[in-house]
K.L.:
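I'd like to ask you about the structure that follows.
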Amino acid sequence: MQKVLSQEGVTLFESKQAIDEMLLKVHTPAHLKEVKQAWYYKGASLAVGGCVEATERIARGEIVNALVFAVAAGHHAEPSSAWGGTYLSCIGPSVINVREKFGLKRFAIIDTDSHHGNGTRAVFRNDSDVLHVCFCDDDRIEGNGRKIDVDVGYQTNDEEYLEKVRNQFFTRVREFNPFMIFHNFGHDTCRGDYGDRGLTPNFFLRLTKEVTEVAKELCDGRYLIITHGGYLSDMAEYIFPQILEILIKS
Ligand SMILES: [Zn+2]
Ligand SMILES: [Zn+2]
């Protein structure tokens, strides 16, 4: 990462832990109490803190896009329960914070982790100003057509998956016109990973490029990538510096 990070226009921010007040905007006191006693609390609250800060900097116009390396927080965290290695919501507090501070309204979320984003869905279920398109195992449309699940198939390929992103997310987000795009970016869909869908490492670069272009077209490039599932470290080392390059050049 060092080489990419030393480029002009790139800043590395060190996350600060999210405070209780921020977490309680989404989670119940009982859930927060439980998470605070667990070993993963620090990592999870740093991840949320990073997302809240990145979203606020984007809202202020200080930065255009960002990549947050998240651990122990993300799309499986519901208001009062969580599973799957993510125990606090990242996008929930991030959206609520910039709505309160800047009166911003509409946000789009694309979830390309291999698994269903039940937590994100639960947090925004009744919020018609959040478009949530989740690529998982279900075909489902709910919440006035703003909460969508797309079955990507047990095994697919790069082109077929990208075509689904274009048809199911890009067409909808163009009509929806959000302030910014959040991306729950799992790479567990890669061949050989635990959510293997048959995708190649280059798929993740193509996906980033395409979403970056759509963000430029719709919302002045405002785009926040939040890392999700995936355990192949070689893969991560291959894709993330290049993903940063794509964000820098956009
Ligand atoms: Zn889903
Ligand atoms: Zn996953």
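Read the numbers this way: they start at 1 and go in the same order the structure lists the ligands and their atoms. Since the model is a prediction, treat every value here as computed from it, not as a measurement.
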K.L.:
Taking H27 for the side chain and S89 for the main chain, is one N or O donor matched with an acceptor at less than 3.5 Å?
P.N.:
yes

K.L.:
Give a yes or no answer on whether the side chain of R121 reaches the backbone of I148 with a donor-acceptor pair at less than 3.5 Å.
P.N.:
yes

K.L.:
Using side chain to side chain contact (heavy atoms under 4.5 Å, CB included) as the criterion, point out the one residue from L224, L131, V98 that pairs with F107.
P.N.:
V98

K.L.:
Which is the closest N/O/S atom of D188 when seen from the Zn ion (ligand 2)?
P.N.:
OD2

K.L.:
Counting only heavy atoms not in E14 (residues, nucleotides, ligands), do more than 12 fall under 6.0 Å from its CD?
P.N.:
no

K.L.:
Using only N, O or S atoms, tell me which atom of D113 is closest to the Zn ion (ligand 2).
P.N.:
OD1

K.L.:
Is K164 paired with E160 through a side-chain N to carboxylate O contact shorter than 4.0 Å?
P.N.:
no

K.L.:
If we only look closer than 2.8 Å, how many protein N, O or S atoms does the Zn ion (ligand 1) have near it?
P.N.:
4

K.L.:
Is the closest side-chain donor-acceptor distance between N65 and T212 under 3.5 Å?
P.N.:
no

K.L.:
Please determine, by modelled atom types, if D188 and S114 share a side-chain donor-acceptor pair under 3.5 angstrom.
P.N.:
no

